[in-house]
There are 2 protein chains.
Amino acid sequence: MKRKPSTEATAAWIRLMRVQSRVLNAVEQDLKKAGFPPLAWYDALLELSRAPAGELRPVELEKQMLLPQYSTSRLIDRLVDEGLAVRRECKIDKRGQFVEITEAGRELQRKMWSAYSAGIEKHVGSKLSDADAVKLCGLLDRLGCSCGEAASLAVKDGAAVR
Amino acid sequence: MKRKPSTEATAAWIRLMRVQSRVLNAVEQDLKKAGFPPLAWYDALLELSRAPAGELRPVELEKQMLLPQYSTSRLIDRLVDEGLAVRRECKIDKRGQFVEITEAGRELQRKMWSAYSAGIEKHVGSKLSDADAVKLCGLLDRLGCSCGEAASLAVKDGAAVR
DNA sequence: CATGGTTAAATGCAAATGCATGAAGTAGTC
DNA sequence: GACTACTTCATGCATTTGCATTTAACCATG
C-alpha cells in the first residue's frame, strides 16, 4: 500500500509540476502585460456567461472552478466591485444567492479571450501537433482523480481552467 | 502572429491546468495530513542536500526551483528559523552567502520523501503504466519553454519540483 | 581609484490566501 | 413545531505572496 513510485512516474510528476508552472506563468504574464486581470477572473466570467441565464450559485461556480469556498466568495466580491457581475437574491433558497454576469462582464470575457487564446497558441499550440495535443489530453485525463465531471468541459470558445 | 489555438491545443491546456492543480493539491494535502511542511521546503532541502557541500547560493536555489527572488529569500528564512539550514558567509563574493543544509534538514528531507513518494505513487504512478509515464514526459518536455536546464534534473531519489 | 552599470539579497507595504468560525437557512425526524 | 444535522455564504485573523525599492558589493572603463 506504500510502494515507491517508478522513476518514470516520478519523472512524469516532476514534468507535470514544472511545465504547468512555467506555461501558466507565461500565459498569465502575457495577459497581465496586456492590462488584463488574472486568469481566474476569466474562468469565472466564462462559467457565468455559459450558464443558462448568465447566472450561477456560488456553490456551482466553486465546483466548476475547483476553488475553495472562501476563495470563490472573494472572487465574486471582486467581480462585483468591478461591475462585472451582480449578486441577486435567490428566492428558492434564502441562504443562497445568484451571481449574474453583467454586459461589462461579458465584454471583458470576450476581450480577454483574444489575448488568452493567443497565449495558449503561443505557449502550447505552437509546440505541439494536434495529434500530440490529443495524446497529451488522453494521458492527463487518466490522472484525473475521483472527479467524473472534468471531461464534461466542452471547449466551446474558451477554456475554463485552473 | 496571433492565430487562434486549435481546440486540441486548448483542450490540452485545460487538462494541463486542471490535472496539475488536482494532483498537486492531493499530494500536498497528504503531506500536510502527515504533519509535514509544504512541498517547496522539500524541494529546497533536496536541492541543498544534492549540492556539492550541502550548500548553495540563494541565486542558484532560485534558478533550480523556478521561484522569484524574494520568494527564495523568504523560504530560506523559514528553513533557517526551523534549524533546517544555516546561512554561511560567502568569502568570494561579499554580497552573497551560502545556505547550508543541517543534519536536521537532511533528516527531514528523508522523512518527507517517504511520504512524498507514497503520494506520487498514489496519485500518479498507480494511474499510469511506465510506458505511458514516459510518453507523458516526452509530450510535456516539448512544452518546456526557453529553459534548457529542465531536462537536467536527474531523478536520483526524489523529485525536485514546482 | 572614481564612477556608472550590474548583480545579490532583504524588506516595507498592499493584496491574496488559508483556516477556522459564525450567521442564516434548510431539511429530516420525532 | 422543536431539535439536530447539514448546507450556503461571509469574514476576522494570521500567513504568504507579489511588487517595488533599498542596501551592499562587484565589475568594467577611463
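Below, read A as the first sequence line, B as the second, and so on, with proteins coming before strands; counting in each chain starts at 1.
One atom, CG of A/Leu61, and another, P of D/dT8, lie 14 Å apart when rounded to the nearest Å. Atom NZ of B/Lys94 and atom C1' of D/dC27 are 16 Å apart (whole Å). If you take CD1 of A/Ile92 and P of D/dT7, they are 17 Å apart, rounded to a whole angstrom. Protein atom CD of A/Glu89 is 11 Å distant from nucleotide atom P of C/dG25, rounded to whole Å. Per the geometry, NZ belonging to B/Lys33 stands 15 Å off C1' belonging to C/dG18, to the nearest Å. Spacing between atom CD of B/Glu28 and atom P of D/dT16 amounts to 12 Å, rounded to whole angstrom units.
The CZ atom of A/Phe36 lies 13.0 Å from the CD atom of A/Glu28; values are rounded to the nearest 0.5 Å.
Here B/Glu107 pairs with B/Lys111 in a salt bridge; the nearest charged N to carboxylate O distance falls below 4.0 Å. A salt bridge does not link A/Lys127 with A/Asp132: none of the charged nitrogens is closer than 4.0 Å to a carboxylate oxygen. Remark: A/Arg110 engages A/Glu103 in a salt bridge, criterion side-chain N to carboxylate O under 4.0 Å.
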Give the B/S/- string for nucleotides 7-13 of chain C, one per nucleotide from 5' to 3', where a protein heavy atom under 4.0 Å of the base yields B, of only the sugar-phosphate yields S, and otherwise -. BSBBBBB

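Taking 4.0 angstrom as the limit, A/Lys32 places a side-chain polar atom (N or O) nearer than this to OP1 or OP2 of D/dC19.
The side-chain contact (heavy atoms from CB on, under 4.5 Å) test with A/Leu61 is passed by exactly one of A/Leu75, A/Val99, A/Thr72, A/Leu67: A/Thr72.
Ring geometry for A/Tyr42 versus A/Trp113: interplanar angle under 30°, hence parallel rather than tilted (30 to 60°).
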